[in-house]
Amino acid sequence: MKNRHLTRITVFTLSVILFQLLLVGKSFSQSNEGNTDESKVPAYTLPDPLILANGKAVTNAKMWWKLRRPEIMALFEENVYGKTPQKKLPVTFSVASIDHNALGGKAIRKEVIAYFTATKTGPQMTILLYLPKHHSKPVPVFVGLNFDGNHTISADSGISMTKSWIAKDKPLPRGASAKQWQVERILERGYGLATIYCGDLDPDFNDGFQNGIHPLFYKPNQTKPEPDEWGTVGAWAWGLSRALDYFETDHDINAKKVAVMGHSRLGKAAVWAGASDQRFAMVISNESGCGGAALSKRIYGETVKIINDKFPHWFCGNFKKYNDNEVALPVDQHELIALIAPRPIYIASAIEDQWSDPLGEFLSGLYASPVYKLLGTDGLAASVMPDVNKPIMSTISYHIRPGKHDVTSYDWDRYLDFADKYLTNK
Ligand code: GTR
């Protein structure tokens with residue numbers, strides 16, 4: 001045990017776990033891989049986000065910004081997501097379509113292509129944007145990546161069909177994921193929604209980093225990222241930042257009020273984007289699980305080895321060092337949340353999504369809270385996990401709802417309330 005802060009964290013963890021066991025009463029078995037039995041969670045010690053590598057305590061905001069935050073950022077870059085190349089591409093944006101009467105006159109719909117090369121060849125991404133028509137501009141916006149193509153987020157026939165990597169010959173129908181996006185509800189509440197197909201940035205399979213944006217950054221003779229360079233999650237996060245670059249040029253959008261949102265693997269990208277790019281004013285993690293909001297060292301649900309074996313392209317090469325060796329990880333995901341401080345973050349779980357480790361997601365928020373408090377906010381206004389459908393609303397917000405791994409209208413309603421309170425101060 002390195003210091004008294006760590007002892008406190010461990011003791012507190014044990015009491016939260018005991019409470020959780022009483023609350024839930026049983027463990028949920030979702031998969032034959034991975035542990036979903038709370039009693040089998042090993043004793044673990046988390047690094048303290050407010051202790052410097054040299055052992056000194058971080059006691060004020062200046063120390064956080066100048067000393068500790070850069071240390072934590074470097075650890076995530078080196079060990080988890082990989083470094084995002086610093087090279088600036090000659091990105092240009094072009095409005096490919098605009099409809100001032102979309103969704104029965106409720107919305108303005110734009111499609112904006114971001115070209116990543118001067119010749120406009122190679123990978124490019126299409127930002128699909130809905131803005132509420134009858135609201136004063138510039139509007140706050142939610143931005144998130146989608147899994148299967150822009151045309152899946154709404155049945156709106158004006159959306160260009162996306163060429164999907166996975167479903168090349170048989171793209172999913174229009175509006176196939178509409179329930180996960182709730183476009184009309186978002187617009188009614190005065191927010192815009194922007195989304196991008198994740199495969200525009202990097203296809204979600206292990207292609208040796210040949211088909212997405214990685215080759216645009218290779219040094220001469222380089223054919224794949226170095227072990228400490230970015231994987232797919234890093235590339236997805238980079239794309240979210242390029243969308244934010246576009247928002248800064250669009251006078252209909254308030255680029256200072258952009259919430260980056262993502263579900264599951266795309267939630268991992270959203271949280272990493274929020275940590276790496278401080279222009280994002282708010283972050284929403286919907287069941288982002290392992291490598292997202294959930295603590296790795298709990299070894300509950302999906303583990304580092306399981307995720308690296310199944311999705312070797314998501315994280316950096318160095319992350320494989322921690323397969324079955326989470327104890328050696330010099331960071332854990334509460335420190336990823338801390339990198340977002342003091343900006344508001346909403347962490348959401350679902351009771352039947354034990355694979356994402358709801359308690360580990362909650363604990364990340366809880367253990368990031370001291371950093372939020374140091375920076376003058378309330379952090380997470382709870383010390384034990386709430387019951388289902390009892391959201392905790394604070395700068396770090398949290399809920400767990402009934403049901404499966406998904407994004408539901410219940411989730412969106414909470415995010416909209418959260419944005420009203422912490423993004424637009426309604
Ligand atoms: C699972 C993966 C999770 C989560 C999920 C998703 O297969 O194990 O980490 O990302 O996919 O993206 O839906």
Side-chain angles (χ1 to χ4, degrees), residues 28-36 76 80-82 144-149 152-153 164-167 172 176-177 179-181 195-206 212 230-237 239-240 260-274 283-316 319-320 322-324 326 329 332-333 336-337 347-362 364 400-401 403-408 411:
F28 294 80
S29 262
Q30 177 173 316
S31 161
N32 47 15
E33 280 181 312
N35 168 42
T36 51
F76 276 108
V80 184
Y81 303 98
L145 301 170
N146 64 71
F147 284 77
D148 299 297
T152 63
I153 75 127
S164 149
W165 285 95
I166 311 286
L172 289 186
S177 321
K179 275 201 180 141
Q180 294 197 329
W181 291 92
T195 185
I196 302 143
Y197 170 49
C198 65
D200 280 1
L201 293 150
D202 197 24
D204 193 7
F205 54 87
N206 190 16
W230 60 347
T232 296
V233 170
W236 289 341
L240 287 162
V260 61
M261 182 273 174
H263 170 54
S264 207
R265 68 197 68 187
L266 303 178
K268 307 179 207 301
V271 183
W272 180 232
V283 180
I284 294 164
S285 156
N286 195 93
E287 299 157 27
S288 60
C290 180
L295 293 174
S296 298
K297 290 177 192 279
R298 270 172 46 78
I299 317 188
Y300 183 100
E302 187 168 32
T303 65
V304 171
K305 179 172 176 3
I306 294 172
I307 208 165
N308 279 331
D309 284 356
K310 212 156 148 207
F311 306 101
H313 55 294
W314 282 359
F315 301 93
C316 70
F319 196 44
K320 277 103 194 155
Y322 306 102
N323 286 352
D324 285 335
E326 284 86 347
L329 260 172
D332 210 330
Q333 301 302 112
L336 181 68
I337 309 300
I347 303 172
S349 311
I351 198 83
E352 287 175 51
D353 182 23
Q354 294 296 309
W355 190 241
S356 299
D357 186 12
L359 179 57
E361 295 185 313
F362 171 80
S364 267
I400 180 160
R401 59 153 176 79
K404 293 192 175 23
H405 188 62
D406 199 359
V407 195
T408 66
D411 296 321

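Every number for a ligand or one of its atoms is a count from 1 in the order of the listing. Just so it is clear, the model here is predicted, and its values are computed rather than measured.
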Is it the side chain, the backbone, both or neither of His405 that has a heavy atom closer than 4.0 Å to ligand 1? side chain

Heavy-atom distances under 4.0 Å decide this one: backbone, side chain, both or neither, for Arg265 against ligand 1? both

Restricting to heavy atoms, the pick from Gly289, Ser264, Cys198 nearest atom 5 (C) of ligand 1 would be Ser264

Between the main-chain N or O of Asp202 and the side-chain N or O of Trp236, is there a donor-acceptor pair closer than 3.5 Å? yes

Looking only at heavy atoms, which two atoms of Lys268 and Glu302 are closest? And how far apart? NZ-OE1, 4.3 Å

Is the Phe205 ring parallel, tilted or perpendicular to the Trp165 ring (thresholds 30°, 60°)? perpendicular

How far is atom 3 (C) of ligand 1 from the closest protein heavy atom, and which atom is that? Glu302 OE1, 3.1 Å

Do the side-chain N and O atoms of Glu287 and Ser356 include a donor-acceptor pair separated by under 3.5 angstrom? no

Residue-ligand contact His263/ligand 1, heavy atom below 4.0 Å: no

Heavy-atom nearest neighbour in the protein, as seen from atom 7 (O) of ligand 1, with distance rounded to 0.1 Å: Phe311 CZ, 3.4 Å

Candidate pair Gln333 and Ser364, rule side-chain hydrogen bond (donor to acceptor under 3.5 Å, both in side chains), full reasoning: CA-CA 6 Å; Gln333 301 302 112; Ser364 267; over 6 Å; no

Looking at Arg298 and Asp357, does any basic side-chain N land under 4.0 Å from a carboxylate oxygen? yes

Trp314 heavy atoms within 4.0 Å reach ligand 1 at atoms 9 (O), 10 (O)

Under 4.0 Å from ligand 1, counting heavy atoms only, is it the side chain of Ile307, its backbone, both or neither? side chain

